[in-house]
Every structure is written in structure tokens, then in C-alpha cells.
Amino acid sequence: NAGVTQTPKFQVLKTGQSMTLQCAQDMNHNSMYWYRQDPGMGLRLIYYSASEGTTDKGEVPNGYNVSRLNKREFSLRLESAAPSQTSVYFCASSEEGHLKLFFGSGTQLSVL
Amino acid sequence: AQSVAQPEDQVNVAEGNPLTVKCTYSVSGNPYLFWYVQYPNRGLQFLLKYITGDNLVKGSYGFEAEFNKSQTSFHLKKPSALVSDSALYFCADSTLTFGKGTMLLVSP
């Protein structure tokens, strides 16, 4: 059972480049989430999807877009990367609302 | 304003001693509260949750947490720390808000 799988694990971008972070879960969970983790800031919610076909903004959505492709997959896109988006990105899923999140192992993104 | 807060950036404890990692909350009504642990270069793992009922909640790896409504706290505890407990600990609530994290360092 793989749980929550994120790709890629590492990525280096130049300012202005675009990329998509992929996330897939095999636990048949309804809800999925994207967080970013920065030193001294903890985890901050970027976007979440309560169910297939719905997405909602979190605390820090600016500069990001998301797509809930199907029940399994929830992607995060940076259209024009900025150095302020250098961070570790975590995808998570949950079966029972927001009561227990399962996290992927993260994507370390550097924007130069 | 953040609905959960972790007042300590780091907690140091000797192996075998009891440990406490503090969390306070400001969610109104009956809060749902959680603890997660993050080992180096890994994603977060769920430890335990408080929804309702007993104020003392038991979780994974021998951890427990005490919900205290009068002090608006939800501190994580373990009677006897292990070196392998060294990790980053996060408190969270049901609004998907996480605290800034507390690094726990257990020395041999």
C-alpha cells in the first residue's frame, strides 16, 4: 500500500519557469490537500479539495493553481515560479473530513 | 490569527525522562485537536486526535495528550523519552491549521 505518492522529490527551477507537482493516493480518500513547509513558519495550506470536482483556497494560494483530476490525483501548478516559492511541498489526503491526514514524503523545490 | 500555537521552538530532554510538548488553541466551541510527528526528510505522521470524551488521549508510539479546556491547552506527553523520539512535532486543529512546530531532542 503506497499511501500518498508525490513526484518529483526534488526540483530546481529558474524564476519564471512553470511546473506541476503531482500527487496521487491509493486509499480511496475523498479529501486532498497541498501544504508548503518553510522554516519557522510551520505548514501552511495552499489549496484543498474536499471531494472530486471541488477545490478551495487555503491560507497562501497566490501564485498557485490546482486540479483535482479524479479521486486519486490532485496536482499543484506553479505558472511562473518565484524565489519566494522555494519551499518543501507536501500533499496529503483524508478519508473523514479533516480528522486524520496522511502525508506524502514531500517535494523539495528551489527557485533560483 | 493562528488557532493553534506552540510556544516552544525546541524541547530538550534526557532519555528515560518524561517529556511534554506544549500546544495551546483558540478555536471557539468544542475543538478537534491533533498531533503529528515529522522525522527528518519525511512527511508528517498522525499521532493522535481529540474529538470528544476523555481528556487524556492515547496515541501511537506511547504518546498521549491531555486536553484542558480551562487552560485551552492540548499538551503532548510521554512518560519515558527515547532517543528515537527526536523529531519535529506539530499540533493542528480541524480548520487545517498547524502550529509552527516544536523540535524535540532526546539526548542519550
Side-chain angles (χ1 to χ4, degrees), chain A residues 1-10 21 23-25 27 29-50 54-61 66 74 87-109, chain B residues 1-10 21-27 29-53 57-61 63 65 67 74 76 87-104:
Chain A
N1 190 345
V4 179
T5 303
Q6 292 182 236
T7 56
K9 293 190 182 302
F10 302 94
L21 280 64
C23 175
Q25 51 94 6
M27 296 173 283
H29 288 169
N30 285 320
S31 302
M32 297 187 73
Y33 315 82
W34 276 105
Y35 282 89
R36 60 178 289 173
Q37 182 178 25
D38 302 290
M41 302 292 289
L43 273 77
R44 292 180 292 170
L45 182 66
I46 305 171
Y47 272 93
Y48 70 99
S49 170
T54 68
T55 61
D56 287 285
K57 295 179 180 179
E59 181 184 355
V60 289
V66 290
F74 188 38
S87 186
V88 181
Y89 291 86
F90 288 100
C91 178
S93 69
S94 174
E95 63 179 349
E96 43 177 323
H98 311 318
L99 298 185
K100 180 178 179 180
L101 272 60
F102 292 80
F103 284 81
S105 57
T107 295
Q108 189 168 323
L109 175 67
Chain B
Q2 192 165 20
S3 53
V4 289
Q6 296 178 242
E8 302 158 317
D9 291 335
Q10 185 169 309
V21 182
K22 296 180 180 178
C23 173
T24 59
Y25 68 90
S26 58
V27 176
N30 296 317
Y32 293 174
L33 298 166
F34 310 85
W35 277 102
Y36 289 82
V37 61
Q38 184 181 29
Y39 297 102
N41 301 313
R42 302 286 296 277
L44 279 71
Q45 298 177 32
F46 174 86
L47 276 179
L48 52 80
K49 66 183 177 187
Y50 171 82
I51 304 297
T52 187
V57 179
K58 294 189 182 299
S60 306
Y61 312 123
F63 284 94
F67 174 72
F74 187 57
L76 182 70
L88 188 57
Y89 291 81
F90 291 95
C91 180
D93 69 20
S94 58
T95 68
L96 301 172
T97 301
F98 282 75
K100 296 189 186 322
T102 299
M103 179 64 72
L104 172 66

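Letters A, B, ... mirror the listed sequences (proteins, then strands); counts begin at 1.
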Undergrad: Heavy-atom pairs under 4.5 Å with chain B: which of Q37(A), Q6(A), K100(A), K9(A) has the most?
TA: K100(A)
Undergrad: Heavy-atom pairs under 4.5 Å with chain B are the metric here; pick the option from D38(A), V4(A), L43(A) that has the most.
TA: L43(A)
Undergrad: Need one label for F102(A): side chain, backbone, both or neither, based on atoms under 4.5 Å from any heavy atom in chain B.
TA: neither
Undergrad: Show the numbers, then the answer: is there a side-chain contact (heavy atoms from CB on, under 4.5 Å) between F103(A) and Y36(B)?
TA: CA-CA 10 Å; F103(A) 284 81; Y36(B) 289 82; 3.9 Å; yes
Undergrad: Measure distances from Q38(B) to the heavy atoms of chain A and classify the residue's part below 4.5 Å as side chain, backbone, both or neither.
TA: side chain
Undergrad: Given side-chain contact (heavy atoms from CB on, under 4.5 Å), test L101(A) with L44(B) step by step and report yes or no.
TA: CA-CA 9 Å; L101(A) 272 60; L44(B) 279 71; over 6 Å; no
Undergrad: Going from CZ on R44(A) to OG1 on T97(B), what distance comes out if it is rounded to the nearest 0.5 angstrom?
TA: 12.0 Å
Undergrad: For the residue pair F98(B) and Y35(A), is the inter-centroid distance of their aromatic rings smaller than 6.0 Å?
TA: yes
Undergrad: Please check if the number of heavy atoms outside Y32(B) that lie under 6.0 Å from its OH is greater than 12.
TA: no
Undergrad: When you look at NZ of K22(B), are more than 12 heavy atoms from neighbouring residues, nucleotides or ligands closer to it than 6.0 Å?
TA: no
